[in-house]
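Remember, it's a predicted structure, so these values are computed and weren't measured experimentally.
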Amino acid sequence: MPPQDRPSAGAAAAPIPVIDLGRLSGPNADAQEAAKLRSALETWGFFMVSNHGIETSAMDAMMNVSREFFRKPAEEKQKYTSLINGERFRVQGYRNELVKSDGLTLNWSHRLSLQIEPEDARSLHLWPNHPETFRDVLIEYSSKTKAIRDLILRAMANLLKLDENYFTNRFTNKALALARLGYYPSCPRPDLVLGFKPHCDGGALSILFVEEHTRGLQVLKDGNWYDVLCEPYTLLINIAECMEIMSNGIFKSPTHRVLTNAVKERFSVVIFYGVDEETMIEPAPGLLDEKRLAKYGKVKSSDYYASVFGQFRQGKTIKDTLKV
């Protein structure tokens, strides 16, 4: 890693709020909770949610099957490789980046990426057969995060004074959902390598669950890196770049990274949600007038997803290419 990009010790903690989803939804939504949400969306692009409706047993089950998969021998995990014929990369499947190749700074991590929706796009041959409960646990867990997604999208639309279903209408049963299970082993030189390099998430929003008492996630704000500390059994919501575009820059998609640790390992489960492939990603018309001009151009969702991974590998974002 170049010296200027190496992490330093002693980062301050980002003041990421915890939003009680039970107080945020319904006709009697709490104004104070909505204000906390708006502040987080406009500044950090991150917030935690509690009272989210996923039982701790379901969260434990999800983390346990993830951990059990990554504990398996390398040859077992390679059955689900993301490489086609050992060369061409695909989004879905297992990947190990504990090496450096072709001059690229890669990530000190193992990842298993699986498309959940649309259902007919699932590559089930890449879903682990062991543990035997893996598929059922992931499907149950992701069905509950989907409900959280819709609740948050409606709350965001209300904050912008749009029709409550403006954003959810862009998420039919053809909308994209990708699960990524992550494992960050302890690293002998955490000062020289990252668990995951700086990036903005593609898509609309991401829902992250990490083990208790594990650090590593950092967010960039005003040129400084801050630790993001999660409370037990909360979920961390991250606004992705499509939502920044659709909100015309009002809501922020943060640049973030994952550090390594010399002693502790880290496990995480994140569900990435994107809009339908036929959707036009553009600032919501209800946010524009003669005084509030569009800050971004527009792009068809299918074109966006065709280029987002290439941009990511180059350390770039689509939103920056669309700025007016």
Side-chain angles (χ1 to χ4, degrees), residues 21 48-83 90-98 109-151 171 173-186 195-196 203 205-214 216-217 230-238 258 264-274:
L21 286 189
M48 287 175 279
V49 293
S50 63
N51 195 16
H52 44 63
I54 304 182
E55 301 87 351
T56 57
S57 58
M59 299 176 78
D60 286 338
M62 186 67 250
M63 192 60 72
N64 287 339
V65 296
S66 175
R67 187 186 296 106
E68 188 171 342
F69 170 77
F70 288 118
R71 295 286 192 227
K72 291 190 175 299
E75 59 271 18
E76 177 67 20
K77 291 179 290 197
Q78 285 298 331
K79 294 178 181 178
Y80 309 101
T81 180
S82 62
L83 293 177
R90 59 187 164 197
V91 174
Q92 296 191 71
Y94 166 74
R95 194 174 190 190
N96 171 359
E97 289 195 341
L98 303 186
S109 63
H110 299 251
R111 304 199 301 274
L112 177 65
S113 301
L114 301 170
Q115 188 161 339
I116 300 170
E117 294 182 351
E119 288 189 25
D120 57 9
R122 293 175 181 170
S123 296
L124 292 177
H125 65 287
L126 295 175
W127 290 47
N129 293 319
H130 299 283
E132 295 180 354
T133 57
F134 183 95
R135 295 186 184 188
D136 290 341
V137 168
L138 177 55
I139 290 171
E140 178 187 4
Y141 178 81
S142 61
S143 69
K144 294 181 178 181
T145 60
K146 184 177 180 179
I148 294 170
R149 177 202 71 181
D150 290 345
L151 191 157
F171 293 80
N173 60 359
K174 293 297 182 182
L176 299 175
L178 181 78
R180 178 169 293 160
L181 283 55
Y183 169 49
Y184 304 86
S186 58
F196 210 95
L205 60 81
S206 310
I207 300 179
L208 173 69
F209 172 43
V210 298
E211 279 193 307
E212 291 184 50
H213 312 303
T214 57
L217 181 63
C230 296
E231 297 187 7
Y233 293 109
T234 60
L235 294 169
L236 183 67
I237 313 299
N238 172 20
V258 179
K264 296 192 67 174
E265 58 188 6
R266 181 179 186 270
F267 293 89
S268 65
V269 177
V270 59
I271 313 292
F272 300 100
Y273 286 105

- Glu55 atom CD, neighbour heavy-atom count above 12 within 6.0 Å: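 Counting neighbours around CD of Glu55, more than 12 heavy atoms of other residues, nucleotides or ligands fall under 6.0 Å, so yes.
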Considering only heavy atoms from C-beta outward, does the side chain of [X] approach that of [Y] to under 4.5 Å?
X      : Y      : value
Ile54  : Ile148 : yes
Val91  : Gln115 : no
Leu235 : Met59  : yes
Asn96  : Ser109 : no
Val49  : Leu151 : no
Val269 : Tyr141 : yes

Spatial distance of atom [atom1] ([X]) from atom [atom2] ([Y]) [nearest 0.5 Å]:
X      : Y      : atom1 : atom2 : result
Leu126 : Arg90  : CG    : CZ    : 4.5 Å
Thr81  : Gln92  : OG1   : CD    : 12.5 Å
Leu205 : Ile271 : CG    : CD1   : 11.5 Å
Thr133 : Asn64  : OG1   : CG    : 9.0 Å
Arg71  : Lys77  : CZ    : NZ    : 9.0 Å
Met63  : Leu181 : CE    : CG    : 8.0 Å

- Query: Will you find, in the side chains of Arg180 and Ser113, an N or O donor that is under 3.5 Å from an N or O acceptor?
  - Reply: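 Distance-only check passes for Arg180 and Ser113.
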Which heavy-atom pair separates [X] from [Y] by the least distance, and what is that distance?
X      : Y      : result
Arg149 : Phe171 : NH1-CD2, 3.5 Å
Ala58  : Lys144 : CB-NZ, 4.4 Å
Gly274 : Ala175 : O-CB, 3.4 Å
Trp127 : Leu114 : CD1-CD2, 3.7 Å
Leu236 : Met48  : CD1-CG, 3.8 Å
Pro185 : His110 : CG-CD2, 3.7 Å

- Item | Phe69 and Phe134 aromatic ring geometry - parallel, tilted or perpendicular at 30°/60° bounds |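 It falls in the tilted class, 30° to 60°.
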Could you tell me whether the side chain of [X] and the main chain of [Y] form a donor-acceptor pair under 3.5 Å?
X      : Y      : answer
Ser82  : Tyr94  : yes
Tyr273 : Lys146 : yes
His52  : Thr145 : no
Arg266 : Val210 : no
Ser142 : Leu138 : yes

- Message: According to ring pair (Phe, Tyr, Trp, His ring centres under 6.0 Å), who are the partners of Phe267, at least two apart in sequence or on a separate chain?
- Response: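 By the ring pair (Phe, Tyr, Trp, His ring centres under 6.0 Å) rule, Phe267 matches Tyr183.
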- Item | With sequence neighbours excluded, residues passing ring pair (Phe, Tyr, Trp, His ring centres under 6.0 Å) with Phe272 |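 Applying ring pair (Phe, Tyr, Trp, His ring centres under 6.0 Å) to Phe272 gives none.
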- Message: With a 4.0 Å cut-off on N to O distance, would you call Asp120 and Lys174 a salt bridge?
- Response: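 Counted as a salt bridge, because a side-chain N and a carboxylate O are separated by less than 4.0 Å.
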- Item | Those residues that, when tested against Ser186, pass side-chain contact (heavy atoms from CB on, under 4.5 Å) (two or more places apart) |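 Partners of Ser186 by the side-chain contact (heavy atoms from CB on, under 4.5 Å) criterion come out as none, since no residue qualifies.
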